[in-house]
Amino acid sequence: MKPITRAALAAVVAAAFCGAAWAQAKSAADGIAEYRKMLEDGNPAELFEAKGEDLWKKKRGPKNASLEQCDLGKGPGVVKGAFVELPRFFADTGKVQDLETRLVHCMATLQGLDAAEIAKTRFGQGEMANVTALATWVASMSRGMKFNLSQAHAEERRSYEIGKRVFFFRGGTHDFSCAACHSADGQRIRLQDLPNLTKNPGDGIGFAAWPAYRVSNGEMWSMQLRLNDCYRQQRFPYPGFGSEITVALGTYMGVNAKGAESIAPAIKR
Amino acid sequence: MNTRFALIAAAAGAAVLLAGCATGPSKAELDQQAMALMKASFRDQGIAKVDRLNQDLGQAACSTDAEVSDEVAERIRNEALASIRWPAGGQYFGNWIDGERIAQSGRGMTWTDASAETRNNGGNCYNCHQIDKKELSYGTIGPSLWNYGKLRGITDVTAPTAAPIVQYTWAKLWNSKAYAACSNMPRFGHMKVLDEQQIRHIMSLLLDPRSPVNQ
Amino acid sequence: MNPSRREALTHSAALFGLLATAGLLPAHAQASWSQTAFEAKSLADAAKALGGGAPAESKDVTITGPDIAENGAVVPVGCSTALTGVKRMAIMVEKNPNALAAVFDVSDAVDANFSTRVKMGQSSNVYAVAIMNDGKVLYGVKEIKVTLGGCGG
Amino acid sequence: MADPMRIRAQSAAGGKATVRVLMSHEMETGQRRDSAGKVIPAWFIQEVRAEHNGKQVMRAEWSPSVSKNPFLQFSVRGAKAGDKVTIHWTDNKGDKRTDEATVS
C-alpha cells in the first residue's frame with residue numbers, strides 16, 4: 001500500500017503544479033474542444049448509418065417493398081445531395097416536407113406502413129427508431145456538401161416566413177423562445193456553444209450538424225428530436241412529430257444555413 | 001384635393017395588390033397563420049399544457065426581431081414592477097449553500113417533470129451566468145455574477161446603504177421584466193418557478209459577503 | 001459502409017453460427033470474467049486481483065484523455081506503454097463505484113496501446129496500469145474533470 | 001440478435017494495422033433506476049476477443065464503466081492489406097456477436 005500512497009501524492013502534487021501553469025495556457029473551452037476532437041474518430045452514428053442503409057434497401061411493410069424508389073426531392077432513389085436541400089416543396093403531397101416527414105411519407109406510400117401510427121411512436125422506439133436511422137444514413141450521403149435550400153416555390157417562401165415567426169415566439173413558464181438562446185453570436189449555455197441560427201452559423205454548426213449522436217444518453221438524435229427536446233427545455237407543450245411548425249423551423253434554419261458544409265451525422269454532448 | 005387623395009389611395013391600393021401577387025401572403029396574414037399553426041402543432045404533455053402558448057403582453061411584444069416601441073416597453077416594465085411581491089417580514093436572505101444548489105439546477109417545469117411544485121425546480125442560473133468561479137461550466141447569455149455583492153460594495157446586507165441593491169436584486173429575480181421589457185431572464189417569482197424561500201437562498205449566494213461568490 | 005464490408009459481415013455471422021452449432025465456441029464467457037478485480041474499489045486491490053504486486057508510478061506508462069470532459073457518459077481514454085514484457089494493460093477510474101473499467105491481455109501480436117471510452121460519475125484520477133510478466137505493476141495517472149453541461153433539465 | 005459492429009482495419013506504418021471497432025450495446029451499469037424506481041439490471045459486454053487471420057491476438061475484459069455503444073482501438077502487429085481481422089464479443093447475458101473486416 002505504501003508505494004502507491006506516496007506515488008499518488010507525488011502525482012497529485014505534480015498535477016497541481018502542471019495544473020496552475022496549464023490553466024493559464026488553456027481555458028475550459030479549449031479543453032472541451034480537445035475532448036470533442038478526441039470523439040470525432042469513432043462516432044457511434046456509424047452504427048445507425050449502417051442500420052439506415054439496410055432499412056432503405058430491405059423489403060418491408062405490408063407491400064413488401066424497399067424504399068429505393070423514394071423521392072427525396074431529386075428524383076426517385078436519388079439520395080446523394082437530397083439532405084442539403086431539405087425541407088422543400090413536394091408537388092405530390094402539395095406540402096413542404098423535411099427529411100423525416102418525407103421518409104414517413106415514403107414508408108406509407110411505398111411500404112404500406114401507417115404514417116399516423118409512426119408519427120405517434122416515441123423517439124427511439126419501433127418504426128420511429130427506423131426513421132431516425134434512415135435519416136442518419138440519408139444525411140451521411142451528403143456529408144461535406146453545402147446547404148442549398150430552394151426558395152423558388154411560394155410555399156417554400158411561406159414556410160420560411162412562418163418558421164421565422166415560430167423561432168421568435170416567446171411563451172411558457174420561462175418566457176423562452178428559440179431566439180432567446182440562438183439569435184446572438186458567441187454565446188453559450190454552460191460550456192456548450194450556441195449557434196446563431198438567425199444567420200449562417202458556419203460550416204458544420206447548427207442545422208448542418210444534425211442528425212447527431214448524443215453522448216449524454218447514447219442515442220441518435222434526428223432534427224425532429226432535436227427540436228422536440230428544445231421545446232421541452234423551453235418548457236413549451238409537446239410539438240407534434242412532423243407538425244407544420246417543426247418543418248417551418250427546419251426551412252428557416254436550413255435557408256439561413258445556405259452554403260454551410262454539412263458534417264451530419266455529427267457527435268454531440 | 002379630394003380627387004387627388006382618391007387617386008393616391010387607388011394607386012397605393014394597386015401597389016399593395018401587385019406586391020401581394022409577387023410575394024404571397026402579407027405580413028399580417030403570415031403573423032396570423034403562424035399563430036394558428038402554433039396552436040395546431042402543439043398538444044398537452046404532462047404538466048406542460050397548451051395554455052403555455054397563451055402569451056401575455058410582454059411575451060407577445062417580445063416575439064420578434066424588431067425593437068419593441070418605447071411606449072410598449074414602458075408598459076411591460078411598469079406592469080412587471082407592480083407585480084413584484086416583496087418578501088414576507090422584510091426577510092430577503094436565506095443561505096448561500098442552498099442558493100448554490102438552486103443556481104446549479106436546470107430542472108423543472110418541463111413535460112418530463114412530474115409536478116410544477118417549486119421545490120422540484122432549479123434556477124438555471126449557471127446555464128447563462130458565471131457565478132462562483134469554481135464552477136467552470138457556466139453560460140454567457142447573461143453577465144458574470146462573480147463578486148456580485150462585492151463589486152456593489154455590500155459589506156453588510158442589513159445596512160441601510162445596501163437596501164437599494166438588495167431590493168433591485170430581489171425584484172430582478174422575482175420579475176426580470178421590471179428592468180428590461182424583453183429580458184431573456186425568466187420571471188422566477190412571478191411565474192411561480194421559484195418560491196420566496198428559494199429566492200432568498202439565491203439572494204444570499206449573490207449578496208452575502210461570506211458567499212464564495214464574493215471572495 | 002462499403003459492399004464488401006457488408007458481405008464480410010454476413011459471412012462472418014454465418015460462420016459464427018456454424019461454429020457455435022458445432023460446439024467449437026465456449027457457451028459463456030462469464031466464467032472467465034475477473035469478478036474480484038472488477039469489484040475492487042481501489043487500484044491496489046484491482047492490481048492484486050489481476051495477479052500483480054504493489055503498484056508504482058512510472059513515466060513509461062501513459063494514460064491519454066482530455067483534461068476536461070463535456071459529458072461523463074463518454075470520456076475517451078487510452079492506455080499505452082513501450083515497455084516489453086507486458087502481460088496486461090488496464091484502465092481504472094478512481095472515483096467510479098468500481099475502479100477497474102477495462103483490462104486487455106497483451107500478446108506479441110498487438111501493441112500495448114488500447115483506446116476506448118469510459119463513463120465517469122465525477123471528476124477523478126484515471127489510471128493506465130501495466131501488469132508485467134514478472135508481476136510488477138506500473139501506472140500512469142491523469143486527472144480528468146467532468147463538467148455539467150447543457151440546459152440540465 | 002445484436003446489431004452488427006463497425007470495424008475499420010487500416011494498415012499503418014511499422015508493418016501493423018490499426019483496428020477501430022464500434023459495437024452496438026447498451027452497456028447498462030446496473031446502478032440506474034427506471035421511472036418506476038426499479039433498478040435496471042446490469043447488461044454489458046464482458047469479453048472482447050480479436051483474431052488476426054484466425055489466430056487470437058487480443059482478449060479484453062470489460063466492466064459496465066465502458067461507455068454505451070463502445071469504441072475500441074488497438075494495433076495488430078504484422079497485419080497487412082487483405083488480412084482478416086475478426087472481433088468477437090460476449091455480454092453478461094451470454095449474447096454474442098462476431099464480425100470481420102479486411103485490412104485495407
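Note on naming: letters A, B, ... go to the chains in the order of the sequence lines (proteins, then strands), and numbering restarts at 1 for each one.
- Here S41(B) is the residue among S41(B), P186(B), G139(B) with the most heavy-atom pairs under 4.5 Å with chain A.
- The line from CG of D175(A) to CE of M191(B) is 5.5 Å long, rounded to the nearest 0.5 Å.
- Nearest heavy-atom pair across A34(B) and I162(A) is N-CD1, 3.7 Å.
- Annotation: maximal heavy-atom pairing with chain A below 4.5 Å, among H129(B), H190(B), K177(B), occurs at K177(B).
- In plain terms, the two heavy atoms of T140(B) and G186(A) that are nearest each other are OG1-O, 3.9 Å.
- More than 12 heavy-atom neighbours from other residues, nucleotides or ligands sit within 6.0 angstrom of NZ on K49(B).
- No more than 12 heavy atoms of other residues, nucleotides or ligands lie within 6.0 Å of CD in Q32(B), so this atom counts as exposed by the packing criterion.
- Taking CD of Q33(B) as the reference point, atom CD of E244(A) lies at 9.0 Å (rounded to 0.5 Å).
- Taking 4.5 Å as the heavy-atom cut-off, the residues of residues 53-74 of chain B that approach chain A are L53(B), Q55(B), Q59(B), C62(B), S63(B), T64(B), D65(B), ordered by number.
- Using non-hydrogen atoms only and a strict 4.5 Å limit, no part of residues 201-215 of chain B faces chain A.
- Across all non-hydrogen atoms, the minimal contact from F169(A) to M38(B) is CD2-CE, 3.6 Å.
- Heavy-atom distances place the backbone of S183(B), and not its side chain, under 4.5 Å from chain A.
- Atom CE of M109(B) is separated from atom CZ of R232(A) by 14.5 Å, given to the nearest 0.5 angstrom.
- Heavy atoms of E135(B) lying under 4.5 Å from chain A belong exclusively to its side chain.
- The local environment of CZ in R36(A) is crowded, with over 12 non-hydrogen atoms from other residues, nucleotides or ligands closer than 6.0 Å.
- Within the 4.5 Å cutoff, no side-chain heavy atoms of F42(B) are placed close to those of S243(A).
- For a residue to count as touching a neighbouring chain, one of its non-hydrogen atoms must lie under 4.5 Å from one of that chain's; by this rule D51(B) does not touch chain A.
- Only the side chain of V193(B) comes within less than 4.5 Å of a heavy atom in chain A; its backbone stays farther off.
- Contacts between T173(A) and chain B at a heavy-atom distance below 4.5 Å involve backbone atoms as well as side-chain atoms.
- Between chain B and the options Q234(A), Q233(A), R165(A), the largest number of non-hydrogen pairs under 4.5 Å is found for R165(A).
- Neither the backbone nor the side chain of K192(B) has a heavy atom closer than 4.5 Å to any heavy atom of chain A.
- Contact annotation for A154(A): neither backbone nor side-chain heavy atoms come within less than 4.5 Å of a heavy atom of chain B.
- Interatomic distance, R158(A) CZ to L30(B) CG, rounded to the nearest 0.5 Å: 7.5 Å.
- Between H174(A) and F188(B), the angle of the ring planes goes over 60°, which puts this pair in the perpendicular group of the 30/60° scheme.
- E29(B) CD to E161(A) CD: the interatomic distance, rounded to the nearest 0.5 Å, is 12.5 Å.
- In terms of heavy-atom pairs under 4.5 angstrom with chain B, the leader among G163(A), A180(A), P237(A), S177(A) is P237(A).
- Atom OH of residue Y231(A) and atom CZ of residue R52(B) lie 14.5 Å apart, to the nearest 0.5 angstrom.
- Proximity to chain A involves both the backbone and the side chain of Q104(B), based on heavy atoms less than 4.5 angstrom apart.
- Relative ring orientation between W111(B) and Y238(A) is described as tilted, the plane-to-plane angle lying within the 30° to 60° band.
- Within a 6.0 Å radius of CZ in R85(B), other residues, nucleotides and ligands contribute 12 heavy atoms or fewer.
- Residues from residues 189-216 of chain A that place a non-hydrogen atom less than 4.5 Å from a non-hydrogen atom of chain B comprise I189(A), R190(A), L191(A), L194(A), given in numerical order.
- Judged as a disulfide (SG to SG under 2.5 Å), and not counting sequence neighbours, C181(A) has no contacts.
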